[in-house]
Amino acid sequence: MKLKKILVVIISIPLIMFSVEAAPEGRMPASELMRLEEVPRGEIVRPLQQTLTSENSGLNPGYSVTPIQNTRPVSSDDPLPNVTAAAAIVIEASTGHVLYERNPDQRMFPASTTKMMTLITALENNNLDEIVTVGPGAYNADGSTLWLDVNEKIPLGELLYGMMLISGNDGAIAIAEHCGGTVADFAAMMTARAQELGATGTNFTNANGLPDSNHYTTARDLAIMAAHGFTLPHFEEICSTKEVSFPWIHDSTKLLRNENQMLWFYRGCNGIKTGYTDAAGRCLVTAAKQNGVQLIVVVLDSLYIWNDSIFLLDYGFGRVSSQTLIKPGEVVKTLPIISGRRKSMQVKTAGEIIMPVFEGDSNAYEIVYDLPETLTAPIKSGEPIGKIRVVLPDGREAAAIDVVTTLDVEQKSFFRLVLDKIKSFFA
């Protein structure tokens, strides 16, 4: 292990000295992790409009962006000619409503944005407290690394953080082998699940996104996967974490720091994943939530991922607002109680439902109440007894919350139950 680290350091010294753009497959170039206003080598800097700040965009205080002239050809009707990505899309997550797109179905290499589907597949099929034993395949992984040792034993949940925050290719392999048996079998699971979700232009051959001619996706498909991810427990928690410490980290700080700079730059950013290979270019799937509206932005083969993502998020949030359909603690109905010491009880919502409102759209949502006709004692306060669902015009469920009880209600005594039976008989 020590020899491996020493060799990597010796080899890396000339690369650092002579080229900040050079980077191993799977690791973003150093220039992409520097100050926001820095421009990748080869771009032509021509300010096109006022500098973006926290006053006129979604940027957090202390950050600013000077728009950059796109040097790539763009369609004359593209509303965002400054965006440099070869393929891009902006969607609202709960509805899938597309707010912007550029070549959304063009086949592209996803690089490490692949790891988003690795995360989803692991979350849906495994428990976070499972112990992963690192194998030789993970130890010998190319590109960005967590410096895992063979036979190390690490909880799956912690390894998922390592994979998502600093793009550990070795972590992705260890996760795939633990959850799928082999990387190939796990990649097949990833592909099958992605296509079930509607990402039909996607095929995975590995769990980390290292180059393979048969490993591809589209901007639209990545947005579909990301939107699904936000419906899963722990997905947002992992993707939005800026820093985390674990005792197994092979560094004196024991600290992992997220490579997704948007978590610092943009208000409400809550994920998701960077990516870079020579074949894929610079890629980013990012997300932000403001006023109850969750947007997903994908940029693939971008000259400058941070600027592109900021422009796209600003554009998206400028074209959607929100409405509260269901308020928290709202009384839904009064239901009769069978065999209880009370005759009835009010039931209420356990949370709120906020839905997006789009420019020039009918914004028609159907609210469906799935509630029982009666309640049966004994009953505990706060017990879920039904749901309120918001259904889109095409029949898809966009949101749901529980309806809960508001009181403890004891069951009637045996004597009282018998007496009630007698009374009902003679009545």
Side-chain angles (χ1 to χ4, degrees), residues 52 54 56-60 63 65 78-80 82-85 87-104 113 116 119-120 164 197-199 217-232 235-240 242 258 260-275 283-300 302 304-325 352-361 363 365 390 392 396 398-399:
L52 299 181
S54 60
N56 59 12
S57 80
L59 285 169
N60 279 316
Y63 294 102
V65 173
D78 194 312
L80 293 175
N82 283 13
V83 170
T84 66
I89 196 168
V90 183
I91 71 165
E92 192 283 319
S94 67
T95 62
H97 188 100
V98 176
L99 296 159
Y100 172 89
E101 60 184 15
R102 176 189 294 175
N103 301 322
T113 62
M116 174 179 64
L119 172 62
I120 289 170
M164 294 302 290
L197 296 173
T217 189
T218 69
R220 190 188 309 278
D221 282 5
L222 286 172
I224 289 170
M225 294 177 228
H228 174 69
F230 278 99
T231 69
L232 302 177
F235 180 87
E236 181 178 355
E237 173 190 341
I238 292 172
C239 293
S240 63
K242 292 181 178 180
N258 203 315
N260 182 6
Q261 302 298 295
M262 292 294 289
L263 293 168
W264 284 265
F265 297 157
Y266 206 85
R267 287 198 298 274
C269 182
N270 53 354
I272 301 174
K273 187 71 190 74
T274 58
C283 305
L284 179 63
V285 180
T286 195
K289 189 172 186 177
Q290 295 181 7
N291 302 318
V293 174
Q294 178 72 64
L295 295 189
I296 306 290
V297 167
V298 180
V299 293
L300 300 177
S302 164
Y304 207 47
I305 57 173
W306 312 127
N307 284 25
D308 282 357
S309 299
I310 290 163
F311 295 152
L312 289 165
L313 283 170
D314 280 352
Y315 183 86
F317 280 122
R319 280 151 186 79
V320 59
S321 57
S322 61
Q323 61 176 326
T324 301
L325 295 185
E352 65 181 353
I353 295 180
I354 299 174
M355 293 300 296
V357 178
F358 303 103
E359 282 187 350
D361 192 82
N363 301 296
Y365 301 120
V390 175
L392 302 176
R396 288 181 296 127

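Along the sequence shown, the residues carry numbers beginning at 1.
- Every side chain to side chain contact (heavy atoms under 4.5 Å, CB included) that Ile224 has, sequence neighbours left out, goes to Leu197, Arg220, Asp221.
- Without hydrogens or angle criteria, Thr286 side chain to Gly271 main chain gives a donor-acceptor distance under 3.5 Å.
- Without hydrogens or angle criteria, Thr84 side chain to Tyr304 main chain gives a donor-acceptor distance under 3.5 Å.
- Residues passing the side-chain hydrogen bond (donor to acceptor under 3.5 Å, both in side chains) test with Ser57: none are found, sequence neighbours excluded.
- Distance check: Thr95 OG1 to Gln294 CD gives 11.5 Å after rounding to the nearest 0.5 Å.
- Within the structure, the salt bridge (charged side-chain N to carboxylate O under 4.0 Å, His left out) test picks out no pair touching residues 306-318 (sequence neighbours left out).
- Among residues two or more places apart in sequence or in another chain, the side-chain hydrogen bond (donor to acceptor under 3.5 Å, both in side chains) test is passed with Asn60 by none.
- Listed by chain and residue number, nothing satisfies the ring pair (Phe, Tyr, Trp, His ring centres under 6.0 Å) test with Tyr365 (two or more places apart in sequence, or in another chain).
- Residues passing the ring pair (Phe, Tyr, Trp, His ring centres under 6.0 Å) test with Tyr266: none are found, sequence neighbours excluded.
- Within the structure, salt bridge (charged side-chain N to carboxylate O under 4.0 Å, His left out) contacts touching residues 284-294 (residues at least two apart or in different chains) do not occur.
- In this structure, the side chain of Glu92 engages the main chain of Ser94 through a donor-acceptor pair within 3.5 Å.
- Considering only residues two or more places apart in sequence or on other chains, Arg267 meets the side-chain hydrogen bond (donor to acceptor under 3.5 Å, both in side chains) condition with none of them.
- Scored by the ring pair (Phe, Tyr, Trp, His ring centres under 6.0 Å) test, Phe317 finds no partners at all (sequence neighbours excluded).
- Among residues two or more places apart in sequence or in another chain, the ring pair (Phe, Tyr, Trp, His ring centres under 6.0 Å) test is passed with His228 by none.
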For this session: Could you walk me through whether Ile310 and Leu59 pass the side chain to side chain contact (heavy atoms under 4.5 Å, CB included) test, one step at a time?
Result: CA-CA 8 Å; Ile310 290 163; Leu59 285 169; 3.6 Å; yes

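- Using bins of under 30°, 30° to 60° and over 60° for the plane-to-plane angle, the ring pair His97/Phe358 lands in the parallel bin.
- Proximity of a side-chain donor or acceptor of Asn291 to a complementary backbone N or O of Val293 within less than 3.5 Å is not detected.
- Checked by atom type and distance alone, the side chain of Arg396 never pairs as donor or acceptor with a backbone atom of Gly96 at under 3.5 Å.
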Exercise. When you look at Met262 and Val297, which way does the side chain to side chain contact (heavy atoms under 4.5 Å, CB included) test go after all the steps?
Worked result: CA-CA 11 Å; Met262 292 294 289; Val297 167; over 6 Å; no

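- In this structure Glu236 satisfies the salt bridge (charged side-chain N to carboxylate O under 4.0 Å, His left out) test with no other residue, sequence neighbours excluded.
- Under the side-chain hydrogen bond (donor to acceptor under 3.5 Å, both in side chains) criterion, Gln290 pairs with no residue at all, not counting sequence neighbours.
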For this session: For Met225 and Thr217, run side chain to side chain contact (heavy atoms under 4.5 Å, CB included): C-alpha distance rounded to whole Å, both residues' side-chain angles, the deciding distance at 0.1 Å, then the answer.
Result: CA-CA 11 Å; Met225 294 177 228; Thr217 189; 3.7 Å; yes

Exercise. When you look at Leu52 and Phe311, which way does the side chain to side chain contact (heavy atoms under 4.5 Å, CB included) test go after all the steps?
Worked result: CA-CA 9 Å; Leu52 299 181; Phe311 295 152; 3.4 Å; yes

